[in-house]
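What you are looking at is a predicted structure, and each value in this text was computed from that prediction instead of being measured.
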Amino acid sequence: MSAPTDAFIDNFVGGAQRTQEAVTSAMTDVVRTWTDALTGIAGGQPTLPDAQVVVDRWFDVAQTVLDTQKAFAKTVVGAGTQAAEVVTEQATKAAETVRTQTEQVVGQASKAADAVGEQAASTARAARNAGAKKA
């Protein structure tokens with residue numbers, strides 16, 4: 001594989017792993033908060049989680065997931081842009097090589113045509129001179 005393709009795959013896999021880690025961590029924190037709140041005993045009574053804390057935790061999870069997805073999307077777009085730039089650069093180099101080689105072939109063909117033309121003119125002069133000597 002080419003270096004841009006390898007980099008794209010590495011970025012893709014890394015982004016997916018970071019997303020999974022972020023979601024796992026956030027969900028673990030939420031579950032731990034709920035578990036601690038439900039199993040805690042205050043004065044012999046189980047305590048219920050504070051509604052504000054629950055809302056904050058869930059939005060923290062959502063924000064973490066969105067931030068990770070945003071970073072991952074930027075990585076994918078960046079890799080795509082980089083790959084397009086590499087392909088464009090390679091195409092430009094290939095076109096330049098073809099142009100240079102075409103110019104060389106045209107130059108050689110022109111030289112060959114000039115040589116054939118000179119040979120034909122020389123042959124025509126020799127034939128003319130030979131005809132003039134016979135007359």
Side-chain angles (χ1 to χ4, degrees):
M1 284 189 187
S2 66
T5 303
D6 291 343
F8 174 76
I9 290 171
D10 290 344
N11 286 335
F12 184 83
V13 170
Q17 288 172 337
R18 286 189 300 275
T19 300
Q20 183 179 0
E21 290 168 2
V23 169
T24 301
S25 175
M27 292 304 291
T28 301
D29 288 346
V30 169
V31 170
R32 186 175 296 126
T33 299
W34 276 62
T35 302
D36 291 348
L38 292 173
T39 58
I41 298 179
Q45 298 290 329
T47 59
L48 295 175
D50 180 0
Q52 299 296 325
V53 172
V54 172
V55 169
D56 286 343
R57 287 291 185 165
W58 278 109
F59 277 95
D60 288 346
V61 168
Q63 187 64 51
T64 301
V65 170
L66 287 173
D67 289 345
T68 305
Q69 288 175 341
K70 181 179 178 182
F72 178 70
K74 284 184 174 183
T75 300
V76 170
V77 169
T81 300
Q82 180 183 11
E85 289 171 357
V86 169
V87 168
T88 300
E89 181 181 331
Q90 290 173 349
T92 301
K93 286 179 182 178
E96 181 62 27
T97 300
V98 169
R99 185 188 64 76
T100 300
Q101 290 175 351
T102 301
E103 287 175 353
Q104 290 174 352
V105 169
V106 168
Q108 290 171 355
S110 293
K111 288 179 184 177
D114 290 345
V116 168
E118 288 176 18
Q119 183 65 37
S122 175
T123 302
R125 279 192 301 273
R128 194 177 39 228
N129 289 342
K133 287 184 183 178
K134 286 185 182 180

Asks: Rounded to the nearest 0.5 Å, what's the gap from OG1 on Thr64 to CD on Gln69? Could you check?
Replies: 11.0 Å
Asks: Hey, what do you get for OG1 (Thr102) to CZ (Arg99), rounding to the nearest 0.5 Å?
Replies: 9.0 Å
Asks: Would Val61 end up clustered with Leu66 when hydrophobic side chains under 4.5 Å apart are linked, directly or stepwise?
Replies: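 Each belongs to a different hydrophobic cluster.
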Asks: Measuring from atom CG of Asp114 to atom NZ of Lys111, what distance do you get when rounded to the nearest 0.5 angstrom?
Replies: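 It comes to 10.0 Å.
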Asks: Would you compute the distance between atom CD of Glu96 and atom CD of Gln101 and round it to the nearest 0.5 angstrom?
Replies: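 The CD atom of Glu96 sits 10.5 Å away from the CD atom of Gln101.
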Asks: So does Glu118 get a backbone contact from the side chain of Ser122, meaning a donor-acceptor N/O pair under 3.5 Å?
Replies: no
Asks: Is it the case that Asp56 and Gln52 place a side-chain donor and acceptor less than 3.5 Å from each other?
Replies: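 No pair is found: no donor N or O on one side chain lies under 3.5 Å from an acceptor on the other.
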Asks: If I take atom OG1 from residue Thr68 and atom CD from residue Gln63, how far apart are they, to the nearest 0.5 angstrom?
Replies: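 Here the interatomic distance stands at 9.5 Å.
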